[in-house]
Every structure is written in C-alpha cells, then in structure tokens.
Asker: 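The structure is given below, and queries will be raised subsequently.
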Amino acid sequence: MSYLTQMLGLTVQNFLSAATGMAIVVALIRGFVRRSADGIGNFWVDMTRSTLYILLPLSLILAVLLASQGVVQTFDAYKTVPLLEPVTYEQPKLDAEGKPLTDTSGNPLTETLTAKEQVIAVGPAASQIAIKQLGTNGGGFFNVNSAHPLENATPFSNFLEMLAIVLIPAALCYTFGKMVGDTRQGWAILAAMTILFIGLLLPAEYSEWKGNPAFASLEVDQTASEAQAGGNMEGKEARFGIVSSALWATVTTAASNGSVNSMHDSFTPLGGLVPMWLMQLGEVVYGGVGSGLYGMLVFAIIAVFVAGPMIGRTPEYLGKKIEAFEMTMAGIAILITPLLVLVGTALAVSLTAGKATIFNPGAHGFSEVLYAFSSASNNNGSAFAGLGANNPFYNTALGIIMFLGRYWIAVPVLAIAGSLAAKKLVPSGLGTLPTHTPLFVVLLIGTVLMVGALNFIPALALGPVVEHLMMIGAR
Amino acid sequence: MTDETAVISHPLPKTVWASLFDPTILRQAIGDSFKKLAPQYQWRNPVMFVVYLGSLLTTALYVQALGGQGEAPAGFILAVTLWLWVTLLFANFAESVAEGRAKAQAASLRRARGAVMAKRLHEPRQGASWSKVEGPLLRKGDVVLVEAGDLMPADGEVIEGVASVDESAITGESAPVIRESGGDFSAVTGGTRLLSDWLVVRIAVNPGEAFLDRMIAMVEAAKRQKTPNEIALTILLVALTLIFLFVTVTLLPFSAYSVEVMKAGAPVTTVLVALLGCLIPTTIGALLSAIGIAGMGRMMQKNVVAVSGRAVEAAGDVDVLLLDKTGTITLGNRHATAFLHAGGVAVKELADAAQLASLADETPEGRSVVVLAKHQFGLRGRDIHALGATSCRSVPTPG
C-alpha cells in the first residue's frame, strides 16, 4: 500500500475503531449514572471528543517518543543499501514461461548469484504505530510487525508500545469510577482485570522460559546464560528474549490489539494457550479501548445477579436494579464469543475447504484453527501463522465472524445502557451488595473464569493441552 | 405491608404445617414425578428439557448398543442414561413435594373458612324466613340476615337496617363503626363482626373472588406467576444452557477431526451428553419452582400469606416496616396487658386509679383496663354514678 493509502485510509480506521469503543463505553456508564433519563448521549459528540482530547494528543506524544528511539518516520522512498557482506546463493534457472529448467538427467538447473545490496523498507511508521497501539488495533507497518527493528527499535520503545496497548483500556476503569461518582468502583474493576492478567502472564512466562523438553535428549543447552536467552527461543526476536516476548504476547491478547513482537505459533503449547484463552475470555482483561471495559461491566452485571439471590436481595449494580431485560441482553452478549469461536472452529474442521489448509494436521493444527477463530471473533488479529488462512473459505468465515464479534456485542450493551438510564436510582442500604470490595473482585474474576473456562476448556483440551502432553511424552 | 401480603392475626391450625415427610404427600409426589415426564410438561423448563432430550438420546443409543452396534459399552451407556433419568425424576419429585405441601396448607385454610355459617333469607326483607347455608356457598345477589354476634359471611351491601360493626380485623380501627342502608356507609366486608342490632345484606361477590379465596388460590399455586427475579434468573440459566450446548455439540466435530488425523480412538456421543448434563445448571434449574413454593411456605409459618411470589421477594427487600395503624397487622382490639408502675406508687394503687379513670371510657382500650384491674387485683368495676362523679372542667393552676 502506498504511503497515502496508509495515512489516509488506515489511520482513519485506527482512530475511529478506538473512538467508537470509547463512545459505547461512555454511553453504558451514562446508563448507570442517569436517572429516569430517555437518552444516553450523542455518539458523534463522544466520538469527536475521544479522538480530539484523548487519541490525538496521546498518539502525538507516543509518535515523537518512538521516533526518538529510532522508529522510522519519513516520506522517502525505500532505501537501497550495500550489504556489509555480499551473500552468495543458488537459484533455480527458469525458462521464458517461468518454469524451472532441468538438465538431461532431470535435475533442476541452478545458477549462482551474489547479492551486494538490499532494499530497506521505510515510511511514516512511528505515527502509524502510535495509534495502532493506543487504539488496540494491531496490524504492523512492516510485515513482521513489532519484531521489526524499524518498527520497534529499542527495549524502551518495546516498553512504550506495550504500555500504549493497555494504557487507555486500563485508564478507562478510572474514568468509569469518576463518572459514577465513586472511584472505588473503578479500582475494583481494574483490580479484577490486573489479577487475571498477572495470573495468566506467569504461566506463559514460565512455560516459555522452561523451553522444550524434547530438546533435552538432543543435548541442546536451553539454560539462560551470558551468551543466550535460554528457554524456547523459536520464533522470538533475539533483541527481546523470552520475558519481553511472552509479556507482549500476553498484553496484546489481553487487550484486543494483535500486534506481535514474536511468532505466537512457535510458543510452547501452554505458552500459546495463554494468549488464546485471554482472547476467549472475551477480551475483558483490559481489553480493547472501551470494548474491554464494557465487556467487563457485562460480566459485573452477571456477577451481581448471581450474588443477589445468595443474600436474598434484588440484584442491583450501582443503584440500578438488574432485571429480566438486562439479563437477556447480558446473556446475548456472553453468548457471542463461544458461539462464534466454537461453531466457526467446528465448521472449519468439518469442511474439506477448512481442512485443506491446515498445514500441521493434528493437535497443533486444531490449535491453529481455534486460535484463528478466537482471534477473529474477539477482534484481535494476531494469529498462529501455520494455518493457511488466505483462501476464500477462511477469508469469508473469519471476516463474517470479525464483523459479528465486534458489532453484535455493541447492540446488547447499548440496549442495557438505555434500559438502565430509564431506571430510578435505588439508594443503597444494609442489604446492598457492595461492589467495590475485594469480595466483589473475587466474585467478578470467578464469573469471568466460569464463563470463559467452562466454555473453552473442552476445546483447549483437544488442542494445546494434547500438544503439551505429547511434548512431555516425547521426552 | 404491601397489598399483596396479608397477615393472619390468629395462629393457623397446627395441621397447616404439613410435614416434609408426610407419607400421603410423598406417595402422591412419587406418582407425579413420573407423570411429569410428559414432554408438554418438561417443555416449560428449558434447562430440564435439554436434559430430557439428552436422556432420550442416550436411551436410543443404549437400544442401539444392545443391538451390537453401540458406540460405547452398553453398560456404560445404561449407567449414563439412568443418571440422567434420575436427575429428571428428582427435579419432578422436589416440585411435587413442594406442591403437595402447599395443597395441604390450602386445604386447612379452607377448612378454617368453612365454619362461617350464613342465614340466607328467602325474601329480601327483615323478618322473612331463612335457612342456614355455609358461607362459601353464597352467590352474588343472595340476601342474608346478619344479627348481633354474627360474622359477615362475605362482602356485600346493606339493604336494610342499622348496626354497629367491628371492622378491626380488616381496617384496624378498634372503635365500632355504624353501617346502614343507603348512602356512603352501606358496604360491609366479609369477616367483620356485628356488635349490635341486625342487617340485611345483599352479597356482592361470587365465591372464589373474595380476598381469602385469592389467598388460598395463591397458596395452591394455581395462579402462581413467576417473580421478576425468577424470570431474570431463568433467562441467565437459558443463556448458560445454550452456551454449554454449543460447547458440547461442537465437541463432536472436534473429536471427529482428532480421530481423523490421529487415526486412533472413536468419536464420542454418550460422554458428550453426560458432559452436557454436568455443565448446564441443572440443580438450580430443577429446583427453581420448588424454591418459589417453599418461599411462600416459609412465610406461611410466620403467619403471613403471600398472595404472589412477587410479594415474597418484596418482603426480602424490606428493611423497616412503617404502619400508620396498628390494627392492620395486629388484632386491632388494643387491650391492656399489664400495669407498669413508676417508683413510689404501689401497683394496686395504680390499677385502682387507672380503673377509676377508665370507668367512663367506652372504647375497647378503656374497657380492657377495667377488666385487667378486676382480674389482677379483684377490683370490681364500680358504678360511676354511685361514686358521685360529675363531668369535670379543667381548672387553671397557679404558677
């Protein structure tokens, strides 16, 4: 794509996607705040504000910081530079029609070539990266995404880019607390997200750090030392090593970002299970800009509803009664992820068109398909790249699922917002379940895990878990 | 109290509390739990209906396995099938027991009510001949004679006569009120008691429409409506059931794929049905209606009749109960139960003074003070005129 297409076309999408998420979450929060109201704000106003006051200033700052670290930002054409060491390689000879030539005995003919220069792709990358990270959009400027030195130059730029992914989704929790007039409510949601995040980050790190036990019998040294990072370095950028790669993988799938600095497909089975599961939880651990928080608030509504009958009270969240209509909409919202992911995966492994491009048949092939559908339905975009997804079947199926996954959930969320806004505020009393306590945080985490875990564990057991057992068995 | 709950002032007969293990109820419930396996009944509870379909499926698989074509050992399929059917039967049983207890309670309520006898007049005028009929048999338009000391058999309108009526059981007002034909004071309510004279009353309601009847119908769960929370909970349960249905149904192609690429094992079906039965919220789904009935039973034990399930929920949300009159929730006829004396005054002295002060008081409160003094200290009620008392004026005191 030309620089103009990138800057005009994709930038608009990058900004709007994030601004839309924020507009929806703000509408939902207004639903909690307003009493007996018949409106929850103007979408265009919220979108413009989000873009002007949040996304633009932040991406300006981030772009400049990234450029200072060496991330390229230029309109110049691709650079051709001489190689320090010319490379000699063999290449099959082709005839006029592009078919490989063979000698008389049928062996392919080759010619020896020497490359003395290479083309280095450049472009206005820093500004694009800033908004793609801040807006949790993913999609790199260069093909290898944030593993590319001109896209992610230094450890500090790596840190900045990771921080940018979770910055707005996490900060919106505070916005939520501020808007409902009780910041403790926001901290509780943030605490639940963070506990889930750390709880899943640690196994991913551990699994990658331990490496592949199959190598032990081959006498391959996988221990970390001065000379090497150790652990499972397949598919990882040597500049970042295990910790930064696994951390990035967790961050990018916890938020619905999808930019990568390592190859998720090459993670160990359990290391790869973590990013997959984070997406399947519905991208609520920080999650996308706005979408993470409204997804989490839907879970909070369900948590309150489950807890209400336990203490014999009509369930209320932030003074609004949770009734049949809200539960219907919350039910629809939590149905979406399992429906899209599981039915999509089931179709792919049943149809010939879907099975044709699974290049690693077996448990890992299944993991790849499951990852592809988890990623698409939760608007993530990262992939287990061993799956050949660029064909009519996967493009159509994943495209439809991406569309439904993003917009289907917005409809019930806005319906909840409208219904809550029309309700009166119930003053909290002795019997009200407080929603800012550690108890509620645990309850919320439990609800997220119950829905997420129970839904996907059977499928995960057939993919990554089988892989893991096979890997241990192969020792 | 909301309009939907009523408090019975007198304790209900002991027989109302049907025992949980009453053999008649249990026998009935066991029969009912099999009758309720009919599809049109199971359909009403979506969660259990899914279990029902699963049971039918594994039963079919078992029959297939008996024919030697089974996808798993016949014994295993049989075990899973039996568990699923037992789950269904237990759900039906719990509900039947709860219903049985509610019916027993309603029956004893009805017995208590049947005691009211009415004097139905053959002609709508005072002095006409009358015959005794049971209160519940009265129809709208019947004309009855009510005399001093009688209970009003049903709601109606006074067409002849003037009398004082004690309406404390309904309104809580302890002083008797006058009811007469014509005008604003002609309506009388069933359950009130005539204190003096007589009335000719035209009954205004059919049996089954009166307040007490609605209470009984409620207890019998005949008109049981789902409460708002119950509806919302059902929706959540249905959503979860749907999710887990997707989970298990999609496991079939997943396992088929695994079998295909691994060239080992066989796709599973019975296990999937068993997994579904474990995942979906069967326990709460099965017991939801039983819980609702039990909730009303609990309130019954506290002498509160819930007229709807909604009222049970509302009662759970009550923090403070404010009443503008005591009679609504108590007997209505306030009466003295003890003399509490301040220091320096003997109790008997207090009782004597209180009795003297209450002699001219014709309200139930006043009369009860006189009676209490007589009971506790043997102070006879004295004739107020014999004491030479005259109506007194307030005298301004100096200072």
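Since we're looking at a predicted model, the values are computed, not measured. Reminder, nothing fancy here: chain letters follow the sequence lines and each chain counts from 1.
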Asker: Taking side-chain contact (heavy atoms from CB on, under 4.5 Å) as the definition, give me every residue that meets it alongside D265(A), ordered by chain and number, with sequence neighbours left out.
Answerer: M263(A), H364(A), E368(A), F384(A)
Asker: Given that the side chain runs from C-beta out, which part of V306(A) has a heavy atom under 4.5 Å from chain B: side chain, backbone, both or neither?
Answerer: side chain
Asker: Rounded to the nearest 0.5 Å, what's the gap from CG on L236(B) to CD1 on I301(A)? Could you check?
Answerer: 12.0 Å
Asker: Check whether L233(B) gets within reach of chain A through its side chain, its backbone, both or neither, counting any heavy atom under 4.5 Å.
Answerer: both
Asker: Kindly check if the number of other-residue, nucleotide or ligand heavy atoms within 6.0 Å of CZ (F393(A)) is above 12?
Answerer: yes
Asker: Give, for atom CG of L462(A) and atom CG of L251(B), the distance between the pair rounded to the nearest 0.5 Å.
Answerer: 6.0 Å
Asker: Sequence neighbours excluded, which residues qualify as side-chain contact (heavy atoms from CB on, under 4.5 Å) partners of V284(A)?
Answerer: M296(A), F299(A), V448(A)
Asker: Please classify the contact between I457(A) and chain B as side chain, backbone, both or neither, with a heavy-atom cut-off of under 4.5 Å.
Answerer: neither
Asker: How about CZ on F403(A), more than 12 heavy atoms from neighbouring residues, nucleotides or ligands closer than 6.0 Å, or not?
Answerer: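 Atom CZ in F403(A) is not packed in, count stays at 12 or less.
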Asker: Do the side chains of F246(B) and N455(A) get nearer than 4.5 Å, heavy atoms only?
Answerer: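 Sidechains of F246(B) and N455(A): no contact.
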Asker: Sub-4.5 Å heavy-atom contacts with chain B: which residues of residues 324-332 of chain A show up?
Answerer: A324(A), M327(A), T328(A), G331(A)
Asker: Can you measure from OG1 (T248(B)) to CG (L342(A)) and round to the nearest 0.5 angstrom?
Answerer: 9.5 Å
Asker: Tell me, with the steps shown, if V247(B) and F456(A) meet side chain to side chain contact (heavy atoms under 4.5 Å, CB included).
Answerer: CA-CA 7 Å; V247(B) 170; F456(A) 291 102; over 6 Å; no
Asker: At a 4.5 Å cut-off on heavy atoms, which part of I243(B) comes close to chain A: side chain, backbone, both, or neither?
Answerer: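 Its backbone and side chain both get close to chain A.
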Asker: Looking at P361(A), S350(A), A348(A), G362(A), which has the largest count of heavy-atom pairs under 4.5 Å with chain B?
Answerer: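 Looking at each option in turn, the highest pair count goes to G362(A).
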Asker: Below 4.5 Å from any heavy atom of chain B, which atoms of T345(A) appear? Answer side chain, backbone, both or neither.
Answerer: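 Both parts, heavy atoms under 4.5 Å.
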Asker: Listed by residue number, which members of residues 253-261 of chain B have a heavy atom under 4.5 Å from any heavy atom of chain A?
Answerer: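 The stretch touches chain A at P253(B), F254(B), S255(B), Y257(B), S258(B), E260(B), V261(B).
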